[in-house]
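For reference, the structure is listed below as structure tokens.
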Amino acid sequence: MEEHNASLAGVLEHIDFTRKVGATTLPDRKLRDLIEHFSEYRLRNEDFEFPDLLGAAYEYLIADFADSAGKKGGEFYTPRSVVRMMVRLIKPQEGHSVYDPCCGSGGMLILSKEYLDEHGGDSRLLSLFGQEASGSVWAIAKMNMLLHGINSADLRNEDTLTDPQHVEGGELMRFDRILTNPPFSIGYTPTQHFPERFRYGTVPEGAKKADLMFLQHMIACLKSDGLLATVMPHGVLFRGGDEKRIRAGMLEDDLVEAVIGLAPNLFYGTGIPAAILVLRNKGAKPADRQGKVLFINADREFFEGRAQNHLLPEHIEKIVSTYEAFKDEPGFSRIVGIEELRENDYNLNIRRYADNTPDPEPQDVRAHLLGGVPVKEVRAKQALFDAHGFDPMALFKARASDTAYVDFADGLNARADLKPAIEANPGLQTKEARLRDAFEAWWREHGPHITALTGNGKHLTQLREDLLTSFTAALEPLAMLDPFAVRGIIAGFWEQNKNEFRTLQARGVTGVVDAWRTSIITLLEDEQSKANPLDHKLVGFLLADYVAALEELQARKAELDAQIKAAEARPDEDEDEARDTDEDAPTPEQIKAWKASRTRINKQLKEQRASFEAHLNEAVDALDDAAAAELMLTILHKDLADLLDRYVCQQRQQIITAFETWWDKYRVTLTEIEAERDAAAKELREFLGALGYV
């Protein structure tokens, strides 16, 4: 393979397929079966659902590998949401050269190409360069480029600080755009290769503070009008000593344009928060940004995942639009001049300049003592209520003697009464209905434009722009959702369905539905898969009647599996003794009966799945282009409607949370607590008296 693919030189030859692990090797038969399996399929772009399918599949595998690799995952993989944001910050254009000095698996270079494609540019006019210290990771990056159809990327394998490889005429090459995620706080080793790179100073040898050395290398490789964005640990923003001198030199030369603080636990292998630094070369800042640094504190912009946090499209929209506008946003961003930075000893701690610490929850002592909700606390959340069309006084009643406080309305006797009362509010329902009506009107006009993608190479870019701008224009005037959330909804919808759009462009509407069918059948055949084929969006529209029967059989099988596993896990012991210690212990006859039932259910499942697959094929094959287009648009409409509803529910929940907080704080007064205490004490005395103790 290497001999016939020049771009794979050095990538595969180091793999030893006959390597001995323990006492065994991979049998030749297994290797032969693997080759014969792939030989059954022609793997050309015209054979796939969309041309970049192999690249997308490889990206999926890299992400999955990084997810399971723990700390090592961070050495070669940056979460793609962070990369997309960084690419949007630097905006690569046709004719640009893009460089990643610590390229890992190559994701930043690939997404730079995709950005240009999505914005109507010709990515063939984008030059990609990268360097990676680890040979195995460099091999992954080379494979990633090949499978994405990128044959011209210049990727080198060597340590960037000690031996930079991209040299031209004895000098470092210069690039239009640089973006990277260098390894955090590794040891620095002095080098004789291009020491002039480090004109702002060096850190001690062996010190685990090479971050600013990487940054100086990037500045040295940047064209005079270039732009770079890099991930950095927060320590480089405020540490003293040599790092402060380096930082001061960069600030005095007016290189730093923006410092963006990100949420913790976004990156693989580390839970610490990181920052994005955006720099231009000396004198290259726009006139209105010279002598200034924009600080953006986005450490509260994230979606909390089970093991890792995530940037959602709305968070990216907020960060990027604030950077582009270069403006102050209270509690989020602030423009700081060089004079103030000098006064602060060149300390770039983000929270010092853009503090987003939320105000503490107010506590009204009088309300705690005497009850009632302070009107000023209600008015403080008026913007939230107005956005949702909700009148908060509908859940309160005024006090004739004290206008500064209100009581909960009659009929609200428990905390659980708040949620249904808010959801049934006429004003809230009217505003939500207006939003849904606006969405439905927008979809009727713009949804059908999606089908025009078929066979239209350039229309993918036009469609994305049309959806983004028209959706924003339709929903923003209602002033219900935050503008960033509105744009985030459609951006999230695009990311969720981007592969469907690519398939539509390459294969038409029947190709999309056929691809969905293939996914469902593949999941049906893969019993080890954690994904449930019955959850696929196509199934609910074509075969809803079959879902219930299959789910019932699967649930029964899971129940039997659990019972048998629990029974077989019991320690071996005398049968009579087991009955004495556990009356509910299953008998051998019961276990045998369970296994027989499981065998019957497995047979029924196999028959039901075969029937399901046959009916699925029959239903899909019966669709003509018009019916397939209607089905596809119906499913996409539901996807987007569900996404919109999720955002609406999140905002509605903020209202519910506000009222529940007031209930928890002020519903029970000190007088009521004292009365309950006195009643309990009286009951205790009467009880003790009846027993003759008092």
Between [X] and [Y], is there a side-chain N and carboxylate O pair less than 4.0 Å apart?
{"X": "E118", "Y": "R464", "result": "yes"}
{"X": "D642", "Y": "R646", "result": "no"}
{"X": "K209", "Y": "D242", "result": "no"}
{"X": "E257", "Y": "K292", "result": "no"}
{"X": "E324", "Y": "K91", "result": "yes"}

Audit row: Y268, Y77, ring pair (Phe, Tyr, Trp, His ring centres under 6.0 Å) steps and yes/no: CA-CA 7 Å; Y268 290 93; Y77 189 80; 5.6 Å; yes
Heavy-atom check, side chain of [X] versus side chain of [Y], under 4.5 Å:
{"X": "L111", "Y": "M86", "result": "no"}
{"X": "E465", "Y": "Q462", "result": "no"}
{"X": "Q651", "Y": "L384", "result": "yes"}

Heavy atoms only: give me the nearest [X]-[Y] pair and the separation to one decimal.
{"X": "L222", "Y": "N281", "answer": "O-ND2, 2.9 Å"}
{"X": "G107", "Y": "E59", "answer": "CA-OE2, 4.4 Å"}
{"X": "A479", "Y": "K431", "answer": "O-NZ, 4.2 Å"}
{"X": "P358", "Y": "R300", "answer": "CD-NH1, 3.4 Å"}
{"X": "K318", "Y": "T322", "answer": "O-OG1, 2.7 Å"}
{"X": "P264", "Y": "N309", "answer": "O-ND2, 2.8 Å"}

Heavy-atom count around [X] [atom1] within 6.0 Å, excluding the residue itself: above 12?
{"X": "R379", "atom1": "CZ", "result": "no"}
{"X": "R124", "atom1": "CZ", "result": "no"}
{"X": "E304", "atom1": "CD", "result": "no"}
{"X": "E168", "atom1": "CD", "result": "no"}
{"X": "K381", "atom1": "NZ", "result": "no"}
{"X": "K244", "atom1": "NZ", "result": "no"}

Quiz question: by atom type and distance under 3.5 Å, do the side chains of [X] and [Y] form a donor-acceptor pair?
{"X": "N356", "Y": "D299", "result": "yes"}
{"X": "N144", "Y": "S105", "result": "no"}
{"X": "Y647", "Y": "E314", "result": "yes"}
{"X": "D254", "Y": "Q290", "result": "no"}
{"X": "D253", "Y": "Y200", "result": "yes"}
{"X": "S224", "Y": "R174", "result": "no"}

Verdict with supporting geometry, Y346 and E252, side chain to side chain donor-acceptor pair (under 3.5 Å): CA-CA 9 Å; Y346 304 103; E252 289 295 346; 2.5 Å; yes
Pi-cation contact, Y188 with K208 (under 6.0 Å, within 45°):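 The answer is no, since K208 fails at least one limit relative to Y188.
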Over-ring placement of R289 relative to Y323, 6.0 Å and 45° cut-offs: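 Judged by the rule (NZ or CZ under 6.0 Å from the ring centre, within 45° of its axis), R289 counts as positioned above Y323.
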Steps toward ring pair (Phe, Tyr, Trp, His ring centres under 6.0 Å) verdict (Y115, H119): CA-CA 6 Å; Y115 173 88; H119 288 77; 4.1 Å; yes
Would you compute the distance between atom [atom1] of [X] and atom [atom2] of [Y] and round it to the nearest 0.5 angstrom?
{"X": "H217", "Y": "I178", "atom1": "NE2", "atom2": "CD1", "result": "7.0 Å"}
{"X": "E495", "Y": "I490", "atom1": "CD", "atom2": "CD1", "result": "11.5 Å"}
{"X": "M218", "Y": "F175", "atom1": "CE", "atom2": "CZ", "result": "12.5 Å"}
{"X": "L636", "Y": "Q496", "atom1": "CG", "atom2": "CD", "result": "10.5 Å"}
{"X": "E500", "Y": "R502", "atom1": "CD", "atom2": "CZ", "result": "10.5 Å"}
{"X": "E339", "Y": "N344", "atom1": "CD", "atom2": "CG", "result": "12.0 Å"}

Full working for side chain to side chain contact (heavy atoms under 4.5 Å, CB included) between D211 and V203: CA-CA 10 Å; D211 310 287; V203 296; over 6 Å; no
Polar side-chain atom of [X] near backbone of [Y] as donor-acceptor pair, under 3.5 Å:
{"X": "R156", "Y": "D154", "answer": "no"}
{"X": "D100", "Y": "G130", "answer": "no"}
{"X": "H148", "Y": "M145", "answer": "no"}
{"X": "R334", "Y": "F295", "answer": "no"}
{"X": "Q216", "Y": "G201", "answer": "yes"}
{"X": "R247", "Y": "V236", "answer": "yes"}
{"X": "N297", "Y": "A354", "answer": "yes"}
{"X": "E94", "Y": "G121", "answer": "no"}
{"X": "W138", "Y": "A133", "answer": "no"}
{"X": "Q131", "Y": "P101", "answer": "no"}

Side chain to side chain contact (heavy atoms under 4.5 Å, CB included) between L428 and I655, intermediate numbers included: CA-CA 10 Å; L428 179 142; I655 298 174; 4.3 Å; yes
H388 vs Q654, side chain to side chain donor-acceptor pair (under 3.5 Å): CA-CA, chis, key distance, verdict: CA-CA 10 Å; H388 225 93; Q654 293 178 35; over 6 Å; no
Test ring pair (Phe, Tyr, Trp, His ring centres under 6.0 Å) applied to Y99 and H166, step by step: CA-CA 10 Å; Y99 173 54; H166 292 93; 5.5 Å; yes
Intermediate values then yes/no, salt bridge (Lys or Arg N to Asp or Glu O under 4.0 Å), R652 and E432: CA-CA 10 Å; R652 189 194 311 135; E432 290 187 6; 2.9 Å; yes
Candidate pair K327 and E329, rule salt bridge (Lys or Arg N to Asp or Glu O under 4.0 Å), full reasoning: CA-CA 6 Å; K327 63 179 181 180; E329 289 285 351; 3.2 Å; yes
Aromatic ring pairing F501/W494, orientation class (parallel under 30°, perpendicular over 60°, tilted between):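 Aromatic pair F501/W494 classed tilted.
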Whether F439 and W443 hold their rings parallel, tilted or perpendicular, with breakpoints at 30° and 60°: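 Plane angle between 30° and 60°, so tilted.
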Side chain to side chain contact (heavy atoms under 4.5 Å, CB included) between T657 and T661, intermediate numbers included: CA-CA 6 Å; T657 300; T661 300; 4.1 Å; yes
